[in-house]
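Both ligands and their constituent atoms are indexed starting at 1 by order of listing. Residues take their numbers from the sequence shown, with the count starting at 1.
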Amino acid sequence: MHIETADQAQLKSAEATLSARYAELQARGLSLDMTRGKPSPDQLSLSDAMESILNGNFKADDGTDLRNYGGLDGITEAKDLFAQILEVPTDNVLIGGNASLTLMYQSALYAMHFGLNGAESAWHNKAAATPVRFICPVPGYDRHFAICDHLGIEMLTVPMTDTGPDMDAVEALIDSDPSIRGIWAVPRFSNPTGVVYSDETVDRFAQLGKRAHSEFRIFWDNAYAVHTLNADAPQLKSIWAACEAEGTLDSVLIFGSTSKVTYAGAGVAFMGASTANLKALRHHLSFSTIGPDKVNMKRHTNFLRDMPTYLAHMEKHAALLRPRFNKVNDVLTAELGDDGYAQWHLPQGGYFISLDTKPGLAQTVVDMAAAAGVKLTPAGATFPYGKDPANSNLRIAPSFPSVADLETATEVLAVCVKLATVRQKLNG
Ligand code: PLP
């Protein structure tokens, strides 16, 4: 039955069947959680060899004692390794603590209050007293939006397409609003849609620095740079190379981490930036730390070593993640098929599946699933201020639950989507 062409009798009969199925699922007393975009314990265990890998050798390659203070922007071997993930020169890398989110937050905070190009360049220029605005492609990552909210940055949305953010809309906003100081981007396996930006999108991002305010910065969060599910997943064009070609290197800050490579709570975060940006960032950073955890950096460089070793390790993650993503997709396909209830697609990497219900139904589906013991990410979470104007986007996180739990949880989700859609149709 296709939902768009179903007649009243078909809808009524579907409602009765689905209500019975929903009641049966509710009676099972389930307690399942699809909210957590975090690695499973099996994935974390892939990196347990790191614990003993230093074996008492606390020296960096240049002889530095890793246990002591110092090394504000990280050890050279870590810069060499993570430069390859960021696709920037080693000299343009800064290694942080365990979370790239912290580096993003600090970069935005410094740009806001102190400026990346002298005090006059601070976004929060009291003399000018204009709002500070960011462009937020939606659906997107809730914690990016939370950073803006926390720093008092107003958020303007543009829709995501299959090739990245709608760049016509991005350019139109930048051309018409001089208060825009930044844009969020998750360019490979974006959170939550799984899109990989096309080469044209990357090139158009690289050109933004020419039409935007001089203090405009792209927050290029390449969190899933090497997090592929399949060997033939689409590649991402280097933003650094594209900006270099355009002469706009100062317009981009590139972020990454090993949170979903080694340990989500004890990985290494890194960023790439132009020489001028990096100089300002190091300066501001120096007031808050004497240096990051170099011991953990060395554990990581000994463990991940070089790109072939790094990518072979990622393939082990993919082997654990693939069956989970496939299970969610298989159940959704079997339950929802092409019957017009919802739209989703199986990504080639990253950590999420994004599903769009008919407008107006996401919150209902979340509530119905909760009442049947399945916790979903709150409706609206993928939009600034937690408000999805269409009330239709749901973010599914398949990495943490077992395949068996995912099967049941996705069945509950699908039944809720169908029942909510049929009821919406019946009620007019
Ligand atoms: N960026 C994106 C797009 C994410 O999805 C996540 C985690 O889900 C993060 C950043 C968090 O990264 P980190 O653990 O390095 O702070």
Nearest to [atom], what protein heavy atom do you find, and at what distance?
atom	value
atom 14 (O) of ligand 1	Ser259 OG, 2.6 Å
atom 11 (C) of ligand 1	Tyr141 OH, 3.6 Å
atom 3 (C) of ligand 1	Asp221 OD2, 3.3 Å

**OP:** Enumerate the atoms of ligand 1 whose separation from the nearest heavy atom of Val186 is less than 4.0 angstrom.
**Re:**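 The atoms of ligand 1 under 4.0 Å from a heavy atom of Val186 are 3 (C).
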**OP:** Please determine if His144 has a nitrogen or oxygen closer than 3.5 Å to a nitrogen or oxygen of ligand 1.
**Re:**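 By distance alone, the answer is no.
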**OP:** Ignoring angles and geometry beyond distance, decide whether Leu101 reaches within less than 3.5 Å of ligand 1 through its nitrogen or oxygen atoms.
**Re:**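 Min N/O separation from ligand 1 is below 3.5 Å for Leu101.
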Original post:
Between Ala371 and Gln26, what is the shortest heavy-atom contact and its length?
Top reply: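 Taking every non-hydrogen atom into account, O-NE2, 3.2 Å.
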Subject >> Closest non-hydrogen atom pair between Pro347 and Gly194, with its separation >> reply: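 Closest pair (atom of Pro347, atom of Gly194, distance): CB-CA, 4.0 Å.
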Subject >> Expected output: side-chain Thr258 to main-chain Val261 donor-acceptor under 3.5 Å >> reply: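 The answer is no, because no donor-acceptor pair under 3.5 Å joins these two groups.
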Test of understanding: given a 4.0 Å heavy-atom threshold, classify the contact between [X] and ligand 1 as side chain, backbone, both, or neither.
X	result
Tyr351	neither
Ser100	both
Lys260	side chain
Ser257	side chain

Original post:
Taking the six-membered ring for Trp, are Phe383 and Phe145 ring centroids under 6.0 Å apart?
Top reply: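 Not under 6.0 Å, so no.
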Original post:
When you check the gap from the basic side-chain N to the acidic O, do Arg204 and Glu246 get nearer than 4.0 Å?
Top reply: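 No salt bridge links Arg204 with Glu246.
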**OP:** Would you mind listing every ring-ring contact (aromatic ring centres under 6.0 Å, His included) that reaches into residues 324-377, with sequence neighbours excluded?
**Re:**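 Non-adjacent pairs meeting ring-ring contact (aromatic ring centres under 6.0 Å, His included): Tyr224-Tyr351.
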